[in-house]
Colleague: 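First the structure, then my questions, so here it is.
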Amino acid sequence: MLIAIKDIKIKKRVRKDLGDLENLKDSLRTYGLLNPITLNSRYELIAGERRLTAAMQLGWTNIQANIIDNLTEVEQLEMEIEENNQRKEFTDQELLQGYMRLERLRNPGFFYRIYLFFKRLFQKIADWWAKRKKK
């Protein structure tokens with residue numbers, strides 16, 4: 001659900017230090033909001049303060065949010081803690097493999113580029129054929 005940022009209320013939070021938001025802002029600029037923030041039915045923030053703050057600093061006026069209704073204050077606090085506590089960073093090996101895979105995709109080898117060319121060519125032919133059959 002798209003919510004006007006000005007309507008969101010930030011009550012007392014567990015996290016005091018939001019840390020450096022520059023990388024998060026870069027990510028929002030490049031990819032948009034990958035995971036919506038979480039609000040209760042009164043538009044009080046439950047989870048996603050860093051994302052919300054970064055979006056505000058970027059000048060966004062609206063943000064995607066999940067609205068969860070009928071939560072007790074205890075459940076809301078549990079969700080805030082859980083969201084921030086259950087993260088698991090990549091291991092060094094996972095991060096290295098991810099960047100190696102990304103590099104291969106960004107700079108494919110000669111034979112892979114040929115494969116991609118033919119894949120796109122056959123897809124265009126299939127799209128043209130499907131469009132022609134509709135007429």
Colleague: Please round to the nearest 0.5 Å and tell me the distance separating atom CG of Asp26 and atom OG1 of Thr30.
Modeller: 6.0 Å

Colleague: Report the distance from atom CD1 of Ile8 to atom CE of Met56, rounding to the nearest 0.5 Å.
Modeller: 8.0 Å

Colleague: Are Asn62 and Leu2 close enough that some pair of their side-chain heavy atoms sits under 4.5 Å apart?
Modeller: yes

Colleague: Looking only at heavy atoms, which two atoms of Leu45 and Leu39 are closest? And how far apart?
Modeller: CA-CD2, 3.7 Å

Colleague: Between Gln76 and Glu80, is the side chain to side chain contact (heavy atoms under 4.5 Å, CB included) condition met? List the steps.
Modeller: CA-CA 6 Å; Gln76 290 180 58; Glu80 178 186 350; over 6 Å; no

Colleague: Quick one: do Leu77 and Val74 end up in the same hydrophobic cluster if we chain Ile, Leu, Val, Met, Phe, Trp and Tyr together by side-chain heavy atoms under 4.5 Å apart?
Modeller: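 Hydrophobic grouping puts Leu77 apart from Val74.
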
Colleague: Any chain of hydrophobic side-chain contacts (each under 4.5 Å) joining Tyr112 to Phe122?
Modeller: no

Colleague: Could you state the interatomic distance from CG (Leu28) to CG (Leu34), rounded to the nearest 0.5 Å?
Modeller: 8.0 Å

Colleague: Would you say Arg13's side chain and Ile46's backbone share a donor-acceptor pair under 3.5 angstrom?
Modeller: yes

Colleague: Between Arg104 and Met100, is there a side-chain heavy-atom distance shorter than 4.5 Å?
Modeller: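 The answer is yes; the side chains approach within 4.5 Å.
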
Colleague: Tell me whether Lys25 is salt-bridged to Glu22, with the criterion being a basic N under 4.0 Å from an acidic carboxylate O.
Modeller: yes

Colleague: For atom NZ of Lys134, is the number of surrounding heavy atoms from other residues, nucleotides or ligands below 6.0 Å larger than 12?
Modeller: no

Colleague: Decide whether Tyr115 and Phe110 are clustered together by the hydrophobic rule: side chain heavy atoms of Ile, Leu, Val, Met, Phe, Trp, Tyr closer than 4.5 Å, transitively.
Modeller: no

Colleague: Nearest heavy-atom pair of Leu71 and Ile68: which atoms, and what distance?
Modeller: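 Heavy-atom minimum between the residues: CD1-CG2, 3.3 Å.
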
Colleague: To the closest 0.5 Å, what do you measure between NZ (Lys133) and CH2 (Trp128)?
Modeller: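 One finds 11.5 Å between NZ of Lys133 and CH2 of Trp128.
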
Colleague: Considering all heavy atoms of both residues, which atom of Met1 and which atom of Gln64 are nearest to each other, and what is their separation?
Modeller: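 Scanning both residues completely, I find the closest heavy atoms to be N-OE1, 3.2 Å.
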
Colleague: Run Lys124 and Asp127 through salt bridge (Lys or Arg N to Asp or Glu O under 4.0 Å) and show every step you take.
Modeller: CA-CA 5 Å; Lys124 285 182 181 183; Asp127 292 345; over 6 Å; no

Colleague: Looking only at non-hydrogen atoms, find the nearest pair between Ala55 and Ile5 and report the distance.
Modeller: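 Taking every non-hydrogen atom into account, CB-CD1, 4.2 Å.
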
Colleague: With a 4.0 Å cut-off on N to O distance, would you call Glu49 and Arg15 a salt bridge?
Modeller: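 Answer for the salt bridge query: no.
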
Colleague: Which of these passes side chain to side chain contact (heavy atoms under 4.5 Å, CB included) with Leu52: Leu18, Leu33, Ile3, Ile10?
Modeller: Ile10

Colleague: Once rounded to the nearest 0.5 Å, what's the spacing between atom CD of Gln123 and atom CZ of Phe118?
Modeller: 15.5 Å

Colleague: Could you give the distance from CZ (Arg120) to CD1 (Ile125), rounded to the nearest 0.5 Å?
Modeller: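 Rounded to the nearest 0.5 Å, the CZ-CD1 separation comes to 13.5 Å.
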
Colleague: Sub-3.5 Å donor-acceptor pair from the side chain of Glu75 to the main-chain atoms of Thr72, do we have one?
Modeller: yes

Colleague: As a quick check of understanding, evaluate side chain to side chain contact (heavy atoms under 4.5 Å, CB included) for Leu21 and Arg50, giving each step before the final call.
Modeller: CA-CA 7 Å; Leu21 297 176; Arg50 284 176 41 84; 3.2 Å; yes

Colleague: Whether Glu83 and Arg51 form a salt bridge (side-chain N of Lys/Arg under 4.0 Å from carboxylate O of Asp/Glu) is what I want to check.
Modeller: yes

Colleague: Could you state whether Phe117 and Phe111 fall into the same hydrophobic cluster, counting links through intermediate Ile, Leu, Val, Met, Phe, Trp or Tyr residues with side-chain heavy atoms under 4.5 angstrom apart?
Modeller: yes

Colleague: Quick one: closest heavy-atom pair of Tyr43 and Ile67, and the distance?
Modeller: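 Minimum heavy-atom contact is CE1-CD1, 3.9 Å.
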
Colleague: Tell me, yes or no, whether the heavy-atom count around Arg29 atom CZ, taken from other residues, nucleotides or ligands under 6.0 Å, exceeds 12.
Modeller: yes

Colleague: Flag the pair Glu44 and Lys9 as a salt bridge only when some basic side-chain nitrogen lies within less than 4.0 angstrom of an acidic carboxylate oxygen.
Modeller: no

Colleague: Report, as yes or no, whether the 6.0 Å neighbourhood of atom CG on Asp92 holds more than 12 heavy atoms from other residues, nucleotides or ligands.
Modeller: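 At most 12 heavy atoms, drawn from other residues, nucleotides or ligands, come within 6.0 Å of this atom.
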
